[in-house]
Visitor: 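Let me give you the structure first, and then I'll get to my questions.
Below, chains carry the letters A, B, ... as their sequence lines are ordered, and counting in each starts from 1. Basis for what follows: all heavy atoms, side chains included, without hydrogens, waters or symmetry-related copies.
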Number of protein chains: 4
Amino acid sequence: MTTSKAAVLVAYNEPLDLRDYPIPAEVGSGEALVRVEMAGICGTDVHLWKGELPVPLPVILGHESVGHIVQLGEGLERDWRGETLAMGDRVTWASSIVCGTCFYCRVKRQPTRCVSRKAYGISYNADQAPHLRGGYAQHILLRAGSSIFKLPETLPTVSVVGAGCALATAIHGLERCPVEWGDVVVVQGTGPVGLAALAVARQSGAGKVIVIGGPPHRLETARRFGADVAIDFAAGDQTARQRQVVEASGGYGADLVIECVGIPAAVNEGIEMVRDGGKFLVLGQYANAGNIEFNPHTITRKQLEIRGSWGFEPRHVAAALRMLELRNWAELFAGQVTHRFPLEQANTALETVRQWQSGKAVLTP
Amino acid sequence: MTTSKAAVLVAYNEPLDLRDYPIPAEVGSGEALVRVEMAGICGTDVHLWKGELPVPLPVILGHESVGHIVQLGEGLERDWRGETLAMGDRVTWASSIVCGTCFYCRVKRQPTRCVSRKAYGISYNADQAPHLRGGYAQHILLRAGSSIFKLPETLPTVSVVGAGCALATAIHGLERCPVEWGDVVVVQGTGPVGLAALAVARQSGAGKVIVIGGPPHRLETARRFGADVAIDFAAGDQTARQRQVVEASGGYGADLVIECVGIPAAVNEGIEMVRDGGKFLVLGQYANAGNIEFNPHTITRKQLEIRGSWGFEPRHVAAALRMLELRNWAELFAGQVTHRFPLEQANTALETVRQWQSGKAVLTP
Amino acid sequence: MTTSKAAVLVAYNEPLDLRDYPIPAEVGSGEALVRVEMAGICGTDVHLWKGELPVPLPVILGHESVGHIVQLGEGLERDWRGETLAMGDRVTWASSIVCGTCFYCRVKRQPTRCVSRKAYGISYNADQAPHLRGGYAQHILLRAGSSIFKLPETLPTVSVVGAGCALATAIHGLERCPVEWGDVVVVQGTGPVGLAALAVARQSGAGKVIVIGGPPHRLETARRFGADVAIDFAAGDQTARQRQVVEASGGYGADLVIECVGIPAAVNEGIEMVRDGGKFLVLGQYANAGNIEFNPHTITRKQLEIRGSWGFEPRHVAAALRMLELRNWAELFAGQVTHRFPLEQANTALETVRQWQSGKAVLTP
Amino acid sequence: MTTSKAAVLVAYNEPLDLRDYPIPAEVGSGEALVRVEMAGICGTDVHLWKGELPVPLPVILGHESVGHIVQLGEGLERDWRGETLAMGDRVTWASSIVCGTCFYCRVKRQPTRCVSRKAYGISYNADQAPHLRGGYAQHILLRAGSSIFKLPETLPTVSVVGAGCALATAIHGLERCPVEWGDVVVVQGTGPVGLAALAVARQSGAGKVIVIGGPPHRLETARRFGADVAIDFAAGDQTARQRQVVEASGGYGADLVIECVGIPAAVNEGIEMVRDGGKFLVLGQYANAGNIEFNPHTITRKQLEIRGSWGFEPRHVAAALRMLELRNWAELFAGQVTHRFPLEQANTALETVRQWQSGKAVLTP
């Protein structure tokens, strides 16, 4: 095979186009050519498809993938954790590459805000060689400097893609806004980020986790992930939900509320649910979905801490992979993957996610 | 003298009323009767006068005062710091008393959110005995359990009242949202809280402090307090101010922005001035002054930390008094006091503050 | 019954004496008279019996107990958490009372170092009225200001005493030196403090917990408590143990080592097991057991953090009780209680603990 | 000139040898050839000369230097802070280079413990090409990946070398063990590290700084650096010093003690000076100078935090350079340089430092 098929976002709100790109005969120094085994459809892909974040069209989507190494460039001998890399190894990789030298990378040690950060499946124009920079494809060519992780045999591909970028995102978020031992935690949202935040909160010593979301089958999943209380968003209005949270948290509201919904209005509802002196972590507002009416006096009066978190670093991928080896998380996240599609049905896969029909949908190119 | 004169807020937006209240012949266990020497007019008093915070009228205003002990109740032998108390001692005191046993006091250790917190000059109805619970009066009767601080001889009364509750407020705020060594800090506002925040930031190791405020005489004061850059709020629009801050901070915005303005719109302007990954401390939104249009995506994209802080604890008063003994802070804060009025002119004093004519106005009852 | 039997430490290394003390006909304001149901024999009691900590003999031992309220003093209406107290309620209580006003209580907020701290079962001379200040007795009279906790019906007495003061001690220790998410943790020692530290580390998000101790039945208990690796102290020398820890931690040593042994030499062994840049928590050196040869260069070269923790505060008892309601901790700690004795056999009970024969021994007075 | 003179440590405790090394005609990609203007004699150089740290002899000493760029390798266009680099620029550089990929660099983010760290003036054998890897020389060849800092015109060379590696070391140490606002701080030692720690503590918001050291001229320097109290080590015994510290700190000892002496016994003396619940930072035990008798019970009983710190990262050099632009630090550190020697008198310079005759001695090659 000298070409690789890829599903390409050519125009916003239009079907993805299946295109062929040449596979490089030889990879450059430090690069790796990977045969994609499975690629997750992330909610962000739907935002990209709708044009809600600016990207350099055409773009091969796909930023949470697993595959096998088919070519290794000169000098690429070890993965991010220092393990030996060889042809055939099953690997995943951090979606972004940062410069390592800018003000944010170097002085402020916040590389997620690197001024030159580029993400596979998002930031690369597929018209430009070497084209293969997204996971919705048979092959992806990883740049020198990519953070590659060799997967242990005991960790199934479907667990890694089932956890997806959501788990690393939640780990980074909860690193910035940690659960304190015994905290009552509310998670708003039961999509992939919400479930991942629930898992990380559970794993981090939360005393009680209350989840708000839906539909019912996702609340059932939330209970399997360890939610103590699962509130159906559709079963009452904000007042009812607020009352349930206050009751379940002993009368004062939660120590920590994690917003994983993505709708701006969720921010005001979430802040109401925080006890005085508590914390609010905004994880869901990754895309710009508009303004809310907001009363800043609330921040003072309730003596709040509000924190945002953008993406993640390679070390959070490492932490996610470690976590998947604990308890039964690998099994739980694998169970998230409810729909599998071949590459040719990438549009159907995207549509399935857009309509919230799936737990998690994946491509198997 | 068996009665004490007091300036009483009887109706919102109406002149204070000068009334006489009986002085108790004997004080109860743990109580202290204090002859007020000087009482500061705080910006909050103007808010109270306008009816912007609910209070149990009639109220003797005044929550930042210094006086001399004229009666000591049984068992009150030491001040908050453990120093011996005696008749005639010059003292100040924390404005609030908390219950010490509620969820916030005990479990969460955030007594500023105590469910039973009561403040001198704010929370006490003057019709009810023992009446004398505010600083705009010749006498104040401190309850058992008050946090009293004996003042060292070297610390002038005018320094303590000049620092007022603003300094303890700023210390608490910057404890919750600390300056990191070398930080570029922006202070929005040059009122008493803004100047106090500037002083605390300077004292805490800030690398550079940029102040935005006015009018020019207050910017001059800010420079004396240690501002490296003082931007006149009136000299340009938000874009111009934003550009000045970015330039003065090396191109990325400030590590920490402290909002000390009190107008809701200042929150959006301040957040713009924070660098990615930086911090925003809301100190000025003590009263509810309404909503803003706010985009929560900003919190995520800029990876922000936003913190609120409500009032202060006795230990922050202790810290404020310690700080006044360092460098030339006592002199600088004393210099803040530009207007002195007898108790009979309490209305004029309040009016002076309301019209922003003063640095700080005080009563000398 | 107008007298209460108590087991009294009259002279170091001598058998406890069974004595009768008068039960007060009426309890004072804020006090509570409690009929003791179960009292734990703590390792510290053995140290006291040996005279390794100075105490005002004679002393009724016993600082980790559960009982039922038989008299409530005036004004004592709620427990530490704000729940209503009534005759017959089953309760436990924090072992210590602090002054709340000294430098450590007030300014430094470290009440475990209160200059006037007094502990039931340790600090009270039994010759002095009201005598009944220890748990090895039919009754204990709790002072006004004691931190009392009403126990939920679902939480067995044997779980609370099985957790004993060790759990609150471990919670305080790990608050001062927190497990970071995913940390490799070594616990030195499998006595009550070691098992409690293991439980708290597990509950707090440790990625892997390695326990070193013995004898084998205690290692088995450690595995039930969640140890990933249990190393028999007696199965090899320090070099062998060090090698096992380094292997189990991926080649560099542990992120956090918690010393719960009590023998000074354990400190040097534990520090060796910390990776460079890691943390070492000293929990076991509660009594002064002498010096070690120590090389301070190690602290610099390995860039260590070493932390000590003394006792606990009432809020850590609250946290311990909350933790006992999570997972199967109540059952696991109850399973720790292997020996029960009537008050008359207090000496045998103490001897059982001294000879390390028990998991945990208790009195049922 | 085609050769460069250098002062070389050939054998421990023997005079340095003045040797000539070839200057490379062309520098490699990313490298920089620097004409050394001034090189500090660090106390560590004396330790190296005595053979107290293992080094690959022969070694050109010198790890705190300033010079001008005379050749720039391909691709080296910007300094660590992103500023343009050009021929003739006056620069300094971080003494160490780390791998960026090992467990400590990557996973634990503690690059000072990098397994492959190499330091100019310490880790390079001068027999091996390109030889010029130390500052006691006319030229030094900086490797690709070095952290170079272009110096602003307003910052004198003598200030940068006067601050030396001590200032970056102190900044790193106090980042790991921060001064809390208002802390009473004790600095043990008035050598370069002690004075730097004093400066950083002062700059970081310490409420009071007590210095212990000598001889008297160094105590005088300490007062100029901002010490509130300067205790002459030679004026009394440990008991007397302890009493002075307790008195000066209000009766309980210091919140933070910083050990900058380097003699093991200073650790026990310093720990005694910490208040209960306080912190102890070990900065001075960089070399292995043997064991002390140590009682680990002290860590528990006093509820201490003890922290070590090894070297520093490039960002601490950046912070040091920023600090030198604040207040009058540049002038104060420049004043530290009391002795200047040409390269030919490197032995005399080293001897001057060894005999504690100087503030700071420098070479001007």
Side-chain angles (χ1 to χ4, degrees), chain C residues 52 102-104 107-115 172-173 176-177 180 182 250-252 255 259 262-268 270-271 275-311, chain D residues 53 102-104 107-115 172-173 176-177 180 182 250-252 255 259 262-268 270-271 275-311:
Chain C
E52 291 177 0
C102 74
F103 175 74
Y104 289 115
V107 182
K108 294 302 171 185
R109 297 199 297 172
Q110 294 187 307
T112 57
R113 300 304 305 144
C114 168
V115 298
H172 181 220
R176 286 186 52 79
C177 190
E180 287 176 48
Y252 294 94
D255 297 302
E259 184 276 323
I263 298 164
V267 168
N268 273 330
I271 283 177
R275 69 162 171 85
D276 285 14
K279 294 179 192 164
F280 184 63
L281 172 60
V282 183
L283 267 188
Q285 307 292 325
Y286 197 79
N288 182 349
N291 288 354
I292 54 175
E293 285 279 310
F294 178 73
N295 189 327
H297 170 60
T298 310
I299 299 173
T300 306
R301 181 178 45 80
K302 294 189 72 165
Q303 196 161 275
L304 297 176
E305 290 189 39
I306 301 175
R307 305 206 195 186
S309 180
W310 180 258
Chain D
L53 284 171
C102 74
F103 175 74
Y104 289 115
V107 181
K108 294 301 170 186
R109 297 199 298 173
Q110 294 186 308
T112 57
R113 300 306 304 146
C114 169
V115 298
H172 181 221
R176 286 184 53 78
C177 190
E180 287 178 46
Y252 294 93
D255 297 301
E259 183 277 321
I263 298 164
V267 168
N268 273 331
I271 283 178
R275 68 161 172 86
D276 284 14
K279 295 180 193 163
F280 185 62
L281 171 60
V282 183
L283 267 189
Q285 308 290 325
Y286 198 79
N288 183 346
N291 287 354
I292 54 175
E293 284 279 311
F294 178 73
N295 189 327
H297 170 61
T298 309
I299 299 173
T300 307
R301 181 177 47 80
K302 294 188 72 165
Q303 196 162 276
L304 298 176
E305 290 189 40
I306 301 175
R307 306 206 194 186
S309 181
W310 181 258

Visitor: Quick one: which of C:Gly284, C:Pro264, C:Gly290 has the most heavy-atom pairs under 4.5 Å with chain D, could you say?
Guide: C:Gly290
Visitor: Using a cut-off of under 4.5 Å on heavy-atom pairs, state which of D:Arg301, D:Gln285, D:Gln303 scores highest against chain C.
Guide: D:Gln303
Visitor: Output the distance between atom NZ (C:Lys108) and atom SG (C:Cys114), rounded to the nearest 0.5 Å.
Guide: 16.0 Å
Visitor: For a 4.5 angstrom cut-off between non-hydrogen side-chain atoms, does C:Phe294 reach C:Ile271?
Guide: yes
Visitor: If you compare all heavy atoms of D:Gly277 against all heavy atoms of C:Gln110, which two are closest, and at what distance to 0.1 Å?
Guide: CA-OE1, 3.0 Å
Visitor: How about C:Lys302 and C:Arg275: do any of their side-chain heavy atoms sit closer than 4.5 Å?
Guide: no
Visitor: Using the six-membered ring wherever Trp is involved, compare the ring planes of D:Tyr252 and C:Phe103 and label them parallel, tilted or perpendicular (cut-offs 30° and 60°).
Guide: parallel
Visitor: Below 4.5 Å from any heavy atom of chain C, which atoms of D:Val282 appear? Answer side chain, backbone, both or neither.
Guide: both
Visitor: Just how far is it from atom CZ of D:Arg307 to atom NZ of C:Lys279, taken to the nearest 0.5 Å?
Guide: 8.0 Å
Visitor: Determine whether D:Phe280 and C:Ile306 make a side-chain contact, defined as any pair of heavy atoms from C-beta on separated by less than 4.5 Å.
Guide: no
Visitor: Which atoms of D:Tyr104 come close to chain C, meaning under 4.5 Å heavy atom to heavy atom: side chain ones, backbone ones, both, or neither?
Guide: side chain
Visitor: Considering only heavy atoms, which portion of C:Ala287 lies under 4.5 Å from any heavy atom of chain D: side chain, backbone, both, or neither?
Guide: backbone
Visitor: For the interface with chain C, which of D:Leu283, D:Asp255, D:Val115, D:Thr298 has the highest count of heavy-atom pairs at distances below 4.5 Å?
Guide: D:Asp255
Visitor: Using heavy-atom distances under 4.5 Å, tell me whether D:Ile292 contacts chain C through its side chain, its backbone, both, or neither.
Guide: both
Visitor: Which one wins on heavy-atom pair count under 4.5 Å against chain C: D:Thr300, D:Val267, D:Thr112?
Guide: D:Thr300
Visitor: Picking from D:Asn268, D:Asn288, D:Ile299, which has the most non-hydrogen pairs under 4.5 angstrom with chain C?
Guide: D:Asn288
